There are 2 protein chains.
Amino acid sequence: MNQAVATDPISTCTIPTQQAEQLQGQLLDIQKAQRMAEFFSSLGDANRLRILSLLAEEELCVGDLAAIVEMSESAVSHQLRTLKSMRLVSYRKQGRHVFYRLQDHHVLHLYQAVAEHLDEV
Amino acid sequence: MNQAVATDPISTCTIPTQQAEQLQGQLLDIQKAQRMAEFFSSLGDANRLRILSLLAEEELCVGDLAAIVEMSESAVSHQLRTLKSMRLVSYRKQGRHVFYRLQDHHVLHLYQAVAEHLDEV
DNA sequence: ATAATATCTGAACAGTTATTCATGTGTCAA
DNA sequence: TTGACACATGAATAACTGTTCAGATATTAT
């Protein structure tokens, strides 16, 4: 149905229009770009990274996390919420405690890769 | 000199204080956490990712980038500025054009890793 | 029940960020 | 020189984000 939509010609300055159109095909589509951006953003906060650095060692409850990173329990809870929504952490409830842990080690590898990358420079 | 600073005892709820102190040693220090957060944040914007996805293919000037991603040249220039400050892209000037390219392929690998990670779920 | 503990939640506020707009700089062509 | 083009920059505005605060929920102990 909506194939061959006549879009405006791309007004380029150095490359031919045809090449520009081809590159537009390579272009990361907006929705995926948005999802990736949200993922990276979820790692784009120092306190969330600090929390993750602890959870990389062992599972911890909110109160202990808060005590160790020296943040309010509320602030930690809010941050865990966003980490949870990005599936970076999961949790189990035990009595009145909630223990959080890394959801998988993909994240840890990413974290380590960037840590090393920044040391290089 | 400033070793053995007597800090307040950590008031934990489930783990012993001693363990909490040990974990505090494992904790990502604030300055490094901040640098890592800035790095991840620089990837935390859909338009910047889209720009990077093009530069992953080939070097491009600002005007062509703007035309392909359909943003104003000013907006693209601002974004390139932050990518440049994070050493994600570099550039060369040629006449009145400025050609940007990925600074290294570390970034590309990171980008690809996350792209795949998000496809998994 | 009541109180204390552990966590979560929503509103509010401050700080940050991305875009637009107007303007400035540098390069090329006529 | 003049004008057009490519890009950069600063200010302003709107949207977003992280924290605090007050209060809600749920669990355990008394």
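Values in this document were obtained by computation on a predicted structure and should not be read as measured data. In what follows, every chain begins at residue 1, and chains take the letters A, B, ... in the order their sequences are listed.
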How many angstroms lie between [atom1] in [X] and [atom2] in [Y], if you round to the nearest 0.5 Å?
X	Y	atom1	atom2	result
A:Ile30	B:Leu49	CD1	CG	12.5 Å
A:Met86	A:Arg48	CE	CZ	9.5 Å
A:Leu118	B:His106	CG	NE2	9.5 Å
B:Leu102	B:Leu52	CG	CG	6.0 Å

Toward the 5' end of DNA chain C, which comes first, B:Gly44 or B:Cys13, by nearest nucleotide?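 On the 5' side of the pair lies B:Cys13.
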
By nearest heavy atom, map A:Arg48 and A:Ser74 onto DNA chain D; which one lands nearer the 5' end?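 First, find each residue's nearest nucleotide; the 5'-ward one identifies A:Arg48.
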
Nearest nucleotide by nearest heavy atom, which residue falls closer to the 5' end of DNA chain D, B:Arg96 or A:Arg96?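 Mapping each residue to its closest nucleotide by heavy atoms, the 5'-most match is B:Arg96.
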
Using a 4.5 Å cut-off on heavy atoms from C-beta on, say whether the side chain of A:Tyr111 contacts that of B:Leu28.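 SC-SC contact between B:Leu28 and A:Tyr111 confirmed.
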
Please tell me if the side chains of B:Ile68 and A:Gln24 come closer than 4.5 Å, counting only heavy atoms from C-beta onward.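 A side-chain contact exists here, since the closest heavy-atom pair is under 4.5 Å.
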
Value in whole Å for how far the [atom2] atom of [N] lies from [atom1] of [X]:
X	N	atom1	atom2	value
B:Phe40	C:dT17	CZ	P	16 Å
A:Asp64	C:dA6	CG	P	9 Å
B:His78	C:dT20	NE2	P	10 Å
B:Gln79	C:dT16	CD	C1'	14 Å
A:Asp45	C:dT16	CG	C1'	12 Å
A:His97	C:dT7	NE2	P	6 Å
B:Asn47	C:dT20	CG	P	9 Å
B:Glu73	C:dA22	CD	P	16 Å

Tell me what [X] touches on the nucleic acid: a base, only sugar-phosphate, or nothing, going by heavy atoms under 4.0 Å.
X	result
A:Ser72	sugar-phosphate
B:Tyr91	nothing
B:Tyr100	sugar-phosphate

Taking 4.0 Å as the cut-off, does a side-chain nitrogen or oxygen of A:Arg81 come that near to OP1 or OP2 on C:dC8?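 No.
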
Using the side-chain heavy atoms of B:Met71, tell me which of these nucleotides is nearest: C:dA29, C:dT19, C:dC8.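 It is C:dT19.
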
Chain B on DNA chain D: first and last contacting nucleotide, 5' to 3', under 4.0 Å to a heavy atom?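 The footprint of chain B covers D:dA4 to D:dG10.
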
Considering residues at least two apart in sequence or located in another chain, which fulfil the side chain to side chain donor-acceptor pair (under 3.5 Å) criterion with B:Glu59?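 With sequence neighbours excluded, B:Glu59 shows a side chain to side chain donor-acceptor pair (under 3.5 Å) to B:Arg92, given in chain and number order.
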
